[in-house]
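Have a look at the structure below, then the notes.
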Amino acid sequence: MVKLTIDGKAVEVEAGSTILDAAKKVGINIPTLCHMEMKDMCIENKPAGCRICVVEVEGRRNLAPSCATAVSEGMVVKTNTIRVLNARRVVMELILSDHPADCLVCAKNGNCDLQSMAQRLDVTEIRYAGVQSTYREDFSPSIIRDMDKCIMCRRCETMCNEVQTVGALSGVNRGFEAVVAPAFEQDLEKSVCTYCGQCVAVCPTGALTEVNNTNRVIAALANPKKKVVVQVAPAVRAALGEEFGLEPGTLVTGKMVAALRNLGFDSVFDTDFAADLTIMEEGTELLDRLTKHLNGEKTHLPILTSCCPAWVNFFEKQFPEFKDIPSTARSPQQMFGSIAKTYYADKIGVDRSDLIVVSIMPCLAKKYECQRDEFKVEGNPDVDFALTTRELGGLIKRANIDFNSLADEDFDKPLGESTGAGVIFGVTGGVIEAAVRTAYEVYTKKTLKSVDFTELRGMEGIRHATVDFDGLELNIGIAHGLGNARELLESIRRGENKFHAIEIMSCPGGCIGGGGQPWHHGKQDVLKARAKAIYAEDVGKTIRKSHENPYIIKLYEEFLGQPMSDKAHHLLHTNYFDREVKFEVKK
Amino acid sequence: MEGNITIKLQQKSIDKIKEICAAFDNDSGELINVLHKTQEHFGYLPAEVQELVASELNCSVAKVYGVVTFYSFFTMIPKGEFPISVCTGTACYVRGADKVVEEIVKELGIKVGETTADGKFSLSCLRCVGACGLAPVVMVGDRTYGRVAPEKVKEILAEYK
Ligand code: SF4
Ligand code: SF4
Ligand code: SF4
Ligand code: FES
């Protein structure tokens with residue numbers, strides 16, 4: 001342990017701690033900008049680049065960045081001397097000197113760390129007039145890059161390279177020209193980017209934002225010729241409340257449904273219904289492969305889950321040799337769209353071209369996913385628009401709906417009925433737990449005593465557990481964050497795999513930590529609170545196993561026949577493509 | 001599907017790059033050294049070469065590109081037969097080096113850092129070359145021209161055409 005004083009307060013911390021950590025321990029909150037740390041998710045960005053966090057250390061001539069300076073015995077630190085305050089202000093003014101000050105019309109307005117830091121440091125004028133940078137904006141199906149607003153904190157690089165190991169972004173050029181960009185400063189769309197959105201989730205400014213589809217949804221709602229239905233992903237209900245000042249982890253399912261109905265959607269449905277459907281298909285596929293394997297037939301094990309579109313992009317672009325291992329089941333978003341524009345459209349007698357399907361997702365990759373050609377019928381997409389949780393929050397505010405005072409309402413039938421298994425799709429470990437609940441009962445023909453497989457839960461990056469299927473030991477792997485997924489894939493590549501099934505979600509924490517969720521500002525407790533809320537929603541459901549959802553049973557009886565039937569294959573499954581960067585040898 | 005970048009390198013270039021990478025144990029920590037050797041061999045580092053280096057060292061192309069653009073020593077464009085350098089140190093700048101650069105840009109139709117389509121000229125700017133008495137200074141290959149006025153640019157270029 002090391003003893004030091006900060007602003008006159010004595011503090012004792014472990015050797016190797018930073019001044020920033022030590023200060024936190026005695027309730028001193030030194031301002032930071034580039035620094036970000038989410039310990040339990042192994043996320044750390046510490047470039048010591050912005051110098052907002054400087055402090056005075058007795059005996060040292062220069063001010064020290066507290067986020068990157070280790071404590072030492074007897075150190076005397078001052079965090080708020082005139083010299084420090086002046087230095088912070090000058091640094092801030094310099095950062096702002098080439099920053100476009102268009103806060104009023106910036107997507108990040110009110111949620112920007114740069115803006116709130118300028119406010120906190122009481123910056124009311126910028127004494128240094130700098131040349132404004134003018135990089136071209138880059139539009140992709142999911143993400144917009146506006147590098148004029150980049151402050152080179154490098155958080156996005158850390159997420160993309162170290163956490164996700166995708167390697168789409170890197171700091172390029174130097175000095176005034178420096179930005180974060182894909183290789184050869186190409187468009188994100190042409191890079192290895194997966195659209196996981198984790199760079200967007202941590203960007204402190206408006207440099208990285210989502211493609212906003214709110215206006216197109218408003219136009220659809222205003223069109224009397226169109227029927228507009230909406231589906232909401234599981235993770236949304238555990239986070240939307242944050243947009244309205246509620247504590248992270250507050251479940252707002254009922255209010256959310258009421259708000260959507262208020263906005264004028266003709267029917268408010270639940271992606272959880274489609275998650276139950278996913279389990280029917282994916283669970284059957286798992287058992288099918290398992291039986292083949294046990295009979296000594298050739299098959300692909302482990303089966304990998306396929307409900308995360310960023311994960312699909314990841315293996316298509318970086319592990320194309322594995323494209324036959326993931327389940328062919330479409331994601332819940334796309335299963336919903338497909339059923340809505342066939343079964344449901346028929347039921348209400350509307351042509352698919354007059355039915356607009358909107359989805360509310362915690363995710364940026366879903367915006368890209370719904371534009372994939374495989375999910376269109378004669379050019380008409382199964383899902384027309386995907387909005388993020390944040391965009392829905394904005395839309396509700398715009399429509400002056402007083403969210404917090406809404407009375408709870410229920411989802412519509414038939415595509416709004418779901419089970420606890422569907423809900424837990426929103427959190428790491430949830431998809432495989434839901435699959436196990438169903439696969440166990442189908443395989444053993446016995447009823448589970450407890451549906452809670454707590455061994456599959458948690459926040460560790462890679463987890464494994466063995467589930468006893470009545471004598472058959474099923475080895476299950478779970479990874480969240482693409483860096484962890486890569487580790488598992490590489491162990492398979494080396495032939496060390498011992499798993500029958502692996503669940504992968506691209507975002508740390510699963511979809512609750514998705515790139516489209518309310519900003520977490522680097523606080524991991526926010527993600528944990530959301531995960532807790534998801535499990536609470538599961539417990540609160542009367543039905544907690546997908547195969548017991550009465551509307552799913554009815555859907556198979558009336559329309560699909562059996563799981564993995566020809567019709568189910570056609571409407572609910574997909575295939576994957578090799579999209580790797582290729583080296584063509586010219587002789 | 002979209003997203004595929006197809007690169008075309010001669011087999012013997014591919015072998016050479018692989019050989020250089022192998023000499024550094026395909027260690028991504030040696031990226032700068034690998035790029036240095038590679039540029040020594042090819043004279044410049046086009047995109048195709050960077051992609052192959054990335055795949056050999058098992059690091060991202062974005063990272064390789066980041067390093068190439070960070071160090072002004074590395075270049076992605078082959079130098080022209082007659083590389084033109086304009087000193088833009090303080091003395092030269094004050095005496096109108098920027099106007100000279102402008103004139104060359106106009107004459108050759110290329111930007112700073114580019115090479116003409118016929119491979120004849122390339123243009124770059126240099127920090128002070130220590131010939132301030134002659135400001136503004138322009139160098140073409142090994143030859144140095146002093147007190148260059150924008151009007152003289154045409155004449156100088158004509159010598160090499
Ligand atoms: S969306 Fe994900 S993969 Fe794409 S640049 Fe951002 S962090 Fe990297
Ligand atoms: S794009 Fe955002 S996260 Fe990335 S370096 Fe710039 S400001 Fe930081
Ligand atoms: S984990 Fe969820 S939110 Fe994140 S990319 Fe995958 S589907 Fe989207
Ligand atoms: S927060 Fe410490 S240098 Fe940026």
Side-chain angles (χ1 to χ4, degrees), chain A residues 140-141 152 154 156-157 160-162 164-175 177-195 199 312-314 316-318 320 323 368 371-374 483 486 490 575-587, chain B residues 1-19 21 28-29 31-32 35 38 42 44-77 88 98 111-114 124-125 127:
Chain A
S140 69
M152 282 309 272
R154 296 179 169 249
C156 56
E157 252 192 284
C160 191
N161 301 325
E162 276 151 49
Q164 302 294 60
T165 66
V166 171
L169 295 175
S170 172
V172 304
N173 304 327
R174 64 194 306 174
E177 298 285 314
V179 282
V180 174
F184 314 122
E185 286 160 78
Q186 272 180 336
D187 292 346
L188 208 53
E189 205 174 347
K190 296 210 179 96
S191 75
V192 285
C193 173
T194 65
Y195 300 132
C199 52
V312 169
N313 287 337
F314 185 67
E316 286 187 328
K317 288 185 171 184
Q318 304 211 15
K323 71 180 166 49
Y368 158 80
Q371 295 176 29
R372 287 184 73 132
D373 290 340
E374 306 92 88
R486 177 186 294 278
E490 276 169 0
N575 39 36
Y576 307 110
F577 301 90
D578 177 349
R579 293 160 68 207
E580 202 185 13
V581 175
K582 284 216 176 67
F583 297 94
E584 193 179 88
V585 180
K586 197 175 81 184
K587 291 273 151 73
Chain B
M1 292 286 298
E2 85 285 357
N4 283 352
I5 301 163
T6 321
I7 70 160
K8 294 188 176 66
L9 277 178
Q10 305 278 351
Q11 185 61 46
K12 70 173 197 294
S13 307
I14 294 175
D15 293 342
K16 182 68 197 174
I17 294 167
K18 288 188 170 171
E19 182 192 316
C21 293
S28 63
L31 177 58
I32 293 178
L35 290 174
T38 313
F42 293 95
Y44 69 115
L45 297 167
E48 300 86 310
V49 169
Q50 292 180 44
E51 288 184 316
L52 186 52
V53 167
S55 99
E56 285 301 294
L57 301 189
N58 200 13
C59 64
S60 75
V61 194
K63 175 156 184 216
V64 175
Y65 178 75
V67 169
V68 168
T69 53
F70 185 82
Y71 296 101
S72 51
F73 169 79
F74 294 125
T75 169
M76 286 182 63
I77 298 158
T88 48
D98 54 332
K111 291 207 237 34
V112 176
E114 290 182 350
S124 63
C125 291
R127 292 286 141 82

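In the text below, chain A, chain B and the rest are named by the order of the sequence lines, each starting its count at 1.
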**Report entry** Counterpart residues, side chain to side chain contact (heavy atoms under 4.5 Å, CB included), relative to Ser124(B) (two or more places apart)
**Finding:** Ser85(B)
Of all heavy-atom pairs between [X] and [Y], which one has the smallest distance, and what is that distance?
X         : Y         : value
Ala168(A) : Ala62(B)  : O-CB, 3.5 Å
Ser170(A) : Gly66(B)  : OG-CA, 3.8 Å
Met76(B)  : Phe184(A) : CE-CD2, 3.9 Å

Report task. Considering only heavy atoms and a distance below 4.5 Å, find which of Ala183(A), Ala178(A), Pro182(A) pairs most often with chain B. Result -> Ala183(A)
Report task. Please list, chain by chain and in numerical order, all residues satisfying ring pair (Phe, Tyr, Trp, His ring centres under 6.0 Å) with Tyr576(A), sequence neighbours excluded. Result -> Phe315(A)
Query raised in the report: Below 4.5 Å, heavy atoms only, C-beta onward: do Tyr65(B) and Val172(A) meet side chain to side chain?
Result: yes
Report summary line: d(Thr69(B) OG1, Arg174(A) CZ) to nearest 0.5 Å is 9.5 Å
Query raised in the report: What part of Glu177(A) lies closer than 4.5 angstrom to a heavy atom of chain B: side chain, backbone, both or neither?
Result: neither
